[in-house]
Q: 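The structure that follows is given in the form of structure tokens.
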Amino acid sequence: MQYQATTIASLAIEHQEAIAKAQQQMMNILDEAQGNMELIKKASEDFQETTTKLIKEYERQTAVIDALDIIAIPEIEQVYDNSRSDLDLDALVYDGDRDGVLDFKKDQLIEEVLNKIKDKRIAFTSRKHLLKSSLRLTKTLAPVLHEIGEHCKEVLKLKATIEFFVYQSDVFNASCYPPDDNKLYIILSSGVLERFQKDELSFVVGHEIGHVLFEHFNYPVKHILDEGSNTLAPIHAMKLYAWNRNAEISADRAGLLCCQSFDAAGRTFFKLSSGVTTDSLDFQLHEYMEQFVDLENILNDSDHDPSDWYSSHPFSPLRIKALELFNKSKTYQKFNPEIFGEITEQDMEDQIKRIMSLMEPEDLNSESEQAPKIQRFMFLGGYMISNADGTIEDSEIQALSSIVAPNVFAECMLTIKGLSEDEIIEELQVLAKDLDIVLSIMQKLNVLRDLSIISYADGHIDETEVEVLYNLARILYINTDFIDRVINDAQQVD
């Protein structure tokens, strides 16, 4: 094939789509092969040949673009329309949020689950439920709150009207229901309403409206995992929760647009995380920001809790650090001309991605020098886990293909049958020795976390598979308790 793109950004998208298509074709053949090594070998060889041609074509078209001296302007695929707001949502959204949505739209399994959910959806009864369980706050009852609502509606160019509700609870909480008849419902706990200042409430209200504008309710994580419990792979849960955390970053940006005060946003996070709203503590934003440094060190510790990968919200220090970067960016300046953007949009997004990666799986497609060794280690380790009980299930092969890069998977499938178990173990030990020098503890934990997917890909965990995981942890110098925790957490995701 010949690529037609005229910018580097669009060429990258065209190339990724072509690779994905080739990978899908290979996987379809592997599914039909059912252990036929001749077909598996042929599929792998064809995929290798196709990807080699695509890479050469990518390089050729890159040279053409450079020769034509075309300025590569980053292209943003439009994901959000103006049905809910006239705000430029594609410019405001956090890249990790948008990219997650685009990834889900291409994922056939997730789309199938979403269609099942839509088919079962009952009539929308949120307002009826709210009127039964909480108090509707009219303009007379809560004039300041309605003033905040009108301000946020104007700033975010919201088209729907807002109804506020409050329920009795000292726990600081807020939520927003999707629009119904051009109305959206914001629900606040009494604790938030009573103890948060006006600018802090503006951040909270703006944040909740942000969830609606970016249509985060289209991907109800818990509902998707419940409905897809028999079809989705464990890695889907991790991807969904990672996206859920990224969605909070986008909503925080909407909150900052409303309150227009980073200090107010900081105070809001402080109250939400500490529960302290009195003057007994002297709030200092710069000291609160320092907690991010402490947390970053902890998240890179060998005792890292794997349940973080299934958390629906980022830790507060990570969120406030991400919002600080947005507050300093030229992106924010587009929406608030009164501030000066010190950092470019790309620099902001790159730094936030690094921050969010502290709670997310390692990027398996990294172009770092150690990437080939990581990939080979993961394939061999995953293969050993799959074969631990003497039978390699199709679901285990599918899971293995989901955690290893397509080209590595194809190449390894060609060579694995020629290796004995002892030879595989020996190679794993050599790789582990090399990786121990270059990998951080967090990277090692991510590798083991991804390998644990294989152990329960067939729906149950065999003791022999767990023992292989223990051995892989030992040669990476990671305590085997981590394996127990990550498997336990993954089984309890709901």
Side-chain angles (χ1 to χ4, degrees), residues 19-20 22-23 26-27 30 33 37 40-52 54-55 233-235 238 357 361-388 392-455 457 464-478 482-483 486:
I19 292 289
Q23 180 188 0
M26 178 189 68
M27 294 306 302
L30 291 178
M37 289 307 300
I40 292 174
K41 182 178 179 181
K42 180 70 166 55
S44 300
E45 289 174 343
D46 289 347
F47 178 75
Q48 292 262 30
E49 182 180 349
T50 300
T51 53
T52 299
L54 289 174
I55 290 171
I235 199 169
M238 298 175 196
S357 72
E362 192 76 14
D363 183 7
L364 296 180
N365 297 315
S366 171
E367 296 180 358
S368 62
E369 293 182 6
Q370 63 266 24
K373 290 184 179 180
I374 297 175
Q375 295 279 289
R376 180 69 175 173
F377 181 90
M378 294 185 69
F379 180 90
L380 294 176
Y383 186 85
M384 288 291 292
I385 294 168
S386 301
N387 199 35
I392 300 178
E393 304 287 348
D394 289 342
S395 58
E396 292 173 323
I397 291 295
Q398 183 70 31
L400 182 54
S401 71
S402 74
I403 67 169
V404 178
N407 60 322
V408 176
F409 178 78
E411 180 182 349
C412 289
M413 286 296 291
L414 287 173
T415 61
I416 192 67
K417 289 296 183 180
L419 298 175
S420 67
E421 182 175 317
D422 289 341
E423 288 173 328
I424 295 174
I425 293 172
E426 183 178 352
E427 185 176 351
L428 281 168
Q429 291 172 336
V430 172
L431 288 168
K433 186 176 180 180
D434 292 342
L435 293 176
D436 181 56
I437 299 173
V438 296
L439 294 188
S440 68
I441 289 174
M442 176 57 73
Q443 288 173 317
K444 292 180 185 179
L445 296 182
N446 283 331
V447 167
L448 292 170
R449 188 275 310 172
D450 285 339
L451 285 172
S452 71
I453 292 170
I454 310 299
S455 66
T464 56
E465 295 172 332
V466 176
E467 188 57 40
V468 173
L469 277 169
Y470 283 165
N471 289 332
L472 292 171
R474 291 184 185 108
I475 63 177
L476 286 174
Y477 300 102
I478 297 296
F482 175 80
I483 300 299
V486 76

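All of these numbers come straight from a predicted model, not from anything done at the bench.
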Q: Please find the pair of heavy atoms, one from A432 and one from I475, that lie closest to each other, and give the distance.
A: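 Distance-wise, the nearest heavy atoms are CB-O, 3.5 Å.
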
Q: Can you check whether K373 reaches F377 side chain to side chain, under 4.5 Å on heavy atoms?
A: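 Of all side-chain heavy-atom pairs linking F377 with K373, none is under 4.5 Å.
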
Q: Which value, rounded to the nearest 0.5 Å, describes the distance between I416 atom CD1 and E423 atom CD?
A: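 Reported to 0.5 Å precision, the distance equals 10.0 Å.
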
Q: Taking side chain to side chain donor-acceptor pair (under 3.5 Å) as the test, write out the residues that go with Q429, two or more places apart.
A: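 Once residues adjacent in sequence are excluded, Q429 has no partner under the side chain to side chain donor-acceptor pair (under 3.5 Å) criterion.
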
Q: Step through the shown structure and confirm whether more than 12 heavy atoms of other residues, nucleotides or ligands are within 6.0 Å of OH on Y470.
A: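 Yes, OH of Y470 has more than 12 neighbouring heavy atoms, counting only those of other groups under 6.0 Å.
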
Q: Rounded to the nearest 0.5 Å, how far does CG of N471 lie from CD1 of I425?
A: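 That separation rounds to 8.0 Å.
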
Q: Please round to the nearest 0.5 Å and tell me the distance separating atom CG of L448 and atom CD1 of I483.
A: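 Going from CG on L448 over to CD1 on I483, the span is 4.5 Å.
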
Q: To the nearest 0.5 Å, what is the distance between CG on L472 and CE on M384?
A: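 Going from CG on L472 over to CE on M384, the span is 8.0 Å.
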
Q: Please name all residues satisfying salt bridge (charged side-chain N to carboxylate O under 4.0 Å, His left out) with E467, sequence neighbours left out, ordered by chain then number.
A: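 For E467 the salt bridge (charged side-chain N to carboxylate O under 4.0 Å, His left out) partners, ignoring immediate neighbours, are R474.
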
Q: Taking only residues two or more places apart in sequence, or in another chain, which ones meet E427 in a side chain to side chain contact (heavy atoms under 4.5 Å, CB included)?
A: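 So E427 forms a side chain to side chain contact (heavy atoms under 4.5 Å, CB included) with R376, L380, L419, L431.
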
Q: What heavy-atom pair brings V468 and A388 nearest, and what distance separates the two atoms?
A: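 Distance-wise, the nearest heavy atoms are CG2-CB, 3.9 Å.
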
Q: For L451 and I385, work out which heavy atoms get closest and say how close.
A: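 Residues L451 and I385, closest heavy atoms: O-CD1, 3.6 Å.
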
Q: Do you know the tightest heavy-atom contact between D436 and L476?
A: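 Reported closest heavy-atom pair: OD1-O, 4.2 Å.
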
